[in-house]
Amino acid sequence: MKLLVTGGAGYIGSVVAAQFLEAGHEVVVLDDLSTGHADAVPTGAGFVEGSITDAGAVLRGAGFDGVVHFAAKSLVGESVANPGLYWESNLGGTLALLEAMRLAGVRRIVFSSTAATYGEPERTPMRETDPTRPTSPYGATKLAVDTTLTVYARLHGLGATSLRYFNVAGAYTAPDGRVYRERHSPETHLIPNVLAVALGTRDSLSLFGDDYPTPDGTCIRDYIHIADLARAHLLALDACQEGRHAIYNLGSGTGFSNQEVIAACREVTGHPIPVTLAPRRPGDPAVLVASAERIQDELGWKPDRPDLHTMVADAWSALTS
Ligand SMILES: NC(=O)c1ccc[n+]([C@@H]2O[C@H](COP(=O)([O-])OP(=O)(O)OC[C@H]3O[C@@H](n4cnc5c(N)ncnc54)[C@H](O)[C@@H]3O)[C@@H](O)[C@H]2O)c1
Ligand SMILES: O=c1ccn([C@@H]2O[C@H](COP(=O)(O)OP(=O)(O)O[C@H]3O[C@H](CO)[C@H](O)[C@H](O)[C@H]3O)[C@@H](O)[C@H]2O)c(=O)[nH]1
């Protein structure tokens, strides 16, 4: 297939683009480099520097079979401070992309949705049928795109899949030896921030809260290895059916507390990793753990690397090699 990968210069999009190339597909990356890096675009992919609002010029008459859509603003805190930017980029940008697809006759899309569409969970593990009450504009814009995809599938015959990622971690080494790793600036995610202390680029890890109703008082999250997550996109694109919008959670199904993550990082790096207790971060639910049963049942996906130690070790070796 000939595929457009929006956001393919970012952490997740670059790995998925690499895996699609490995599987023999033709890939063009569309990325405005607002948070991504041109040198993350895999060798062999075409690259257009630009916004998803200009997707029409790329798609028109070019024979694309599908779009894999990662391009988005994705910082919860920034979305609270500047919701307009999130509605404009995430919902407005995606509407422009969907219209460009409709006009160019491109019939399949796989979309990066998020656990943040659910908000505070009513039960654990979380299922796709659970209520969606996002607690941030970021989660709300992603949910609005999910809803729009349902409508485009029903009214315009689009084949759409939303993958609701939980906490993506680790690094990917492609068969050609190239290493893809997380490079956000600012970095808000826990594992890269903990590893930055071991690397010496941060003095200590600010731990946001230790008074949550969990066994050790710190938040619990469901980490999924970037290689496992990326593989799900290939299955999802193959399974897209015109007129149907499917939604799948993507997590490993096991929760680890922030303290357990820090302990795993100490073990992998051999560094004591000093921690400074900080106030809770607004909007952080105590526990987010996925039920990934639906994608296991319907697409046959299951994680090969659910072990937290492996994710941390892969992230660490990508940082230090
Ligand atoms: N990292 C996670 O744990 C996580 C969890 C849930 C969902 N997601 C979603 O996955 C996707 C990828 O996340 P990531 O961690 O790789 O982020 P990232 O910031 O590394 O990648 C996003 C890419 O999109 C590009 N981009 C942003 N807006 C654009 C626009 N308007 N036009 C063209 N390109 C644009 C950026 O330059 C960047 O290369 C996002 O949609 C994010 O919301 C990520
Ligand atoms: O320096 C840090 C960074 C994070 N944390 C804590 O570590 C946990 C995980 O935080 P992350 O920022 O790594 O991940 P989130 O669970 O907040 O968010 C991620 O997963 C969400 C869904 O679960 C959304 O999809 C979101 O886009 C994605 O970044 C939270 O308790 C957070 O407060 C710290 O204590 N210190």
Side-chain angles (χ1 to χ4, degrees), residues 5-16 29-38 40-41 48-55 68-77 79 85-86 88-90 92-94 96-97 111-119 121 126 134 136 138-139 141-142 145 162-169 180 182-194 196-197 202 204-210 212 214 218-224 226 229-230 249-251 256-259 261-262 275-290:
V5 178
T6 76
Y11 168 47
I12 301 171
S14 59
V15 174
V16 175
V29 166
L30 173 64
D31 196 301
D32 67 4
L33 301 182
S34 52
T35 57
H37 309 271
V41 175
V48 178
E49 184 176 342
S51 166
I52 47 173
T53 53
D54 302 323
V68 193
H69 179 34
F70 300 93
K73 299 257 142 222
S74 60
L75 300 179
V76 171
S79 80
L85 173 69
Y86 275 68
E88 191 185 324
S89 301
N90 293 359
T94 303
L97 175 67
F111 170 62
S112 301
S113 188
T114 164
T117 53
Y118 296 109
M126 295 154 78
S136 68
Y138 165 65
T141 61
K142 290 282 184 174
V145 171
S162 293
L163 298 176
R164 291 191 171 154
Y165 313 157
F166 281 63
N167 290 59
V168 189
Y180 297 81
E182 194 165 3
R183 280 190 282 161
H184 294 130
S185 177
E187 185 54 78
T188 60
H189 291 144
L190 179 63
I191 292 175
N193 280 350
V194 179
V197 179
R202 258 175 204 259
S204 77
L205 186 272
S206 295
L207 176 62
F208 301 137
D210 69 349
Y212 285 92
T214 60
T218 64
C219 291
I220 292 176
R221 293 290 181 271
D222 180 340
Y223 292 88
I224 172 167
I226 179 81
L229 179 99
N249 286 341
L250 266 183
F256 295 97
S257 75
N258 295 345
Q259 289 286 24
V261 170
I262 295 164
V275 168
T276 311
L277 186 60
R280 288 184 177 197
R281 195 171 64 177
D284 275 347
V287 180
L288 290 175
V289 177

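We're numbering straight along the sequence, starting at 1. Whatever order the structure lists them in is the order used to number ligands and atoms, beginning at 1.
Remark: minimum distance from atom 3 (C) of ligand 2 to any protein heavy atom is reached at T188 O, 3.2 Å. Looking at atom 26 (C) of ligand 2, its nearest protein heavy atom turns out to be Y138 CE2, 4.1 Å. When hydrogens are left out, the protein atom nearest atom 18 (O) of ligand 2 is N167 ND2, 4.0 Å; that is the closest non-hydrogen contact. Scanning the protein heavy atoms around atom 1 (O) of ligand 2, the nearest turns out to be N193 ND2, 3.1 Å. Here the protein heavy atom with the shortest distance to atom 37 (O) of ligand 1 is D31 OD1, 2.7 Å. If you check which protein heavy atom lies closest to atom 33 (O) of ligand 2, you get D284 OD2, 2.5 Å. Of the protein's non-hydrogen atoms, the one nearest atom 2 (C) of ligand 1 is V168 CG2, 3.7 Å. Protein heavy atom nearest atom 21 (O) of ligand 1, with residue, atom name and distance: G10 CA, 3.4 Å. Nearest protein neighbour of atom 8 (C) of ligand 2, counting heavy atoms only, is N258 OD1, 3.4 Å.
In summary, the atoms of ligand 1 found under 4.0 Å from a heavy atom of A9, numbered by their order in the structure, are 39 (O). Applying the 4.0 Å criterion to heavy atoms of Y11 picks out, from ligand 1, the atoms 15 (O), 16 (O), 20 (O). Close approach of ligand 2 to L207 is summarised as follows: ligand atoms under 4.0 Å from at least one heavy atom of the residue are 35 (O). Close contacts between ligand 1 and L33 involve ligand atoms 37 (O) [criterion: under 4.0 Å to a heavy atom]. Proximity to T114 (heavy-atom distance under 4.0 Å) selects the following atoms of ligand 1: 6 (C), 7 (C). Atoms of ligand 2 lying under 4.0 Å from at least one heavy atom of T114, given by number and element, are 22 (C), 24 (C), 25 (O). Those atoms of ligand 1 with a heavy atom of G36 less than 4.0 angstrom away are 36 (C), 37 (O), 38 (C), 39 (O). Of all atoms in ligand 1, numbered sequentially from 1 with element shown, those under 4.0 Å from a heavy atom of F70 are 11 (C), 12 (C), 40 (C), 41 (O). Counting the atoms of ligand 2 from 1 in the order shown, those under 4.0 Å from a heavy atom of L205 are 1 (O). Every atom of ligand 2 with a heavy atom of C219 under 4.0 Å away is listed here by number and element: 31 (O). Residue-ligand proximity, L288 to ligand 2, at heavy-atom distances under 4.0 Å covers atoms 23 (O). Close contacts between ligand 1 and K142 involve ligand atoms 40 (C), 41 (O), 42 (C), 43 (O) [criterion: under 4.0 Å to a heavy atom]. If you number the atoms of ligand 1 from 1 as listed, the ones under 4.0 Å from a heavy atom of S112 come out as 9 (C), 10 (O), 11 (C), 41 (O).
For ligand 1, none of its N or O atoms has an N or O atom of S113 under 3.5 Å away. Looking at ligand 2, you'll find an N or O of S206 within less than 3.5 Å of one of its N or O atoms. On a distance-only criterion, F208 and ligand 2 share at least one N/O pair closer than 3.5 Å. The N/O atoms of D32, backbone and side chain alike, include one that comes under 3.5 Å of an N/O atom in ligand 1. Geometrically, ligand 1 and A71 share no nitrogen or oxygen pair separated by less than 3.5 Å. Looking at ligand 1, you won't find any N or O of L30 less than 3.5 Å from one of its N or O atoms. Between T35 and ligand 1, a contact under 3.5 Å exists for at least one N or O pair. At a 3.5 angstrom cut-off on N or O pairs, S34 counts as close to ligand 1. Here's the thing with Y138: one of its N/O atoms is less than 3.5 angstrom from an N/O atom of ligand 1. In terms of polar-atom proximity, defined here as any N/O pair under 3.5 Å, I12 does make such a contact with ligand 1. The distance criterion of under 3.5 Å between nitrogen or oxygen atoms is met by L190 with respect to ligand 2.
A donor-acceptor pair under 3.5 Å is formed between the side chain of H37 and the backbone N or O of R183. Judged purely by atom type and a 3.5 angstrom limit, Y86 uses its side chain to pair as donor or acceptor with the backbone of L75. Side-chain atoms of S79 do not come within 3.5 Å of backbone N or O of S136 as any donor-acceptor pair. The backbone N or O of S112 sits less than 3.5 Å from a side-chain atom of K142, completing a donor-acceptor pair. With hydrogens and angles ignored, the 3.5 Å screen pairs a side-chain donor or acceptor of T6 with a backbone N or O of A71.
At least one side-chain heavy atom of Y223 sits less than 4.5 Å from a side-chain heavy atom of L190. Taking the side chain as every heavy atom from C-beta outward, Y180 and I226 never approach each other to under 4.5 Å. Contact of the D31 side chain with the F70 side chain is not registered, since no non-hydrogen atoms from C-beta on lie closer than 4.5 Å.
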* F256 and N167: side-chain contact (heavy atoms from CB on, under 4.5 Å), yes or no, with the steps? -> CA-CA 11 Å; F256 295 97; N167 290 59; over 6 Å; no
* To do: Decide side-chain contact (heavy atoms from CB on, under 4.5 Å) for N249 and Y118; before the verdict, give the C-alpha distance in whole Å, the side-chain angles of both, and the deciding distance to 0.1 Å.
  => CA-CA 11 Å; N249 286 341; Y118 296 109; 2.7 Å; yes
* **Candidate pair V168 and I12, rule side-chain contact (heavy atoms from CB on, under 4.5 Å), full reasoning** => CA-CA 8 Å; V168 189; I12 301 171; 3.9 Å; yes
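Distances from atom 22 (C) of ligand 2 to the heavy atoms of P192, A115, S257, A72 put A115 nearest. Among H189, R164, H184, E88, the residue whose heavy atom lies closest to atom 17 (O) of ligand 1 is H184. Nearest-heavy-atom check against atom 17 (O) of ligand 2 across H189, R281, K142 picks out R281. Ranked by closest heavy atom to atom 7 (C) of ligand 1, the top entry among Y223, Y165, F166 is Y165.
Using 4.0 Å as the threshold, V76 has no heavy atom nearer than that to any atom of ligand 2. Using a 4.0 Å heavy-atom cutoff, G50 is listed among the residues neighbouring ligand 1. Contact between G93 and ligand 1 is absent, with no heavy atom of the residue lying under 4.0 Å from the ligand.
Between Y11 and H184, the two ring planes are perpendicular [angle over 60°; tilted spans 30° to 60°].
Taken to the nearest 0.5 Å, the CG atom of L229 stands 5.0 Å off from the OH atom of Y165. Note that OG1 of T276 and CZ of R202 are 10.5 Å apart. Values are rounded to the nearest 0.5 Å.
A side-chain donor from one of T141 and N90 sits under 3.5 Å from a side-chain acceptor of the other.
The minimum heavy-atom distance between A169 and I191, with the atom names listed, is CB-CD1, 3.8 Å.
By the criterion of a heavy-atom distance under 4.0 Å, neither the backbone nor the side chain of T53 is placed next to ligand 1.
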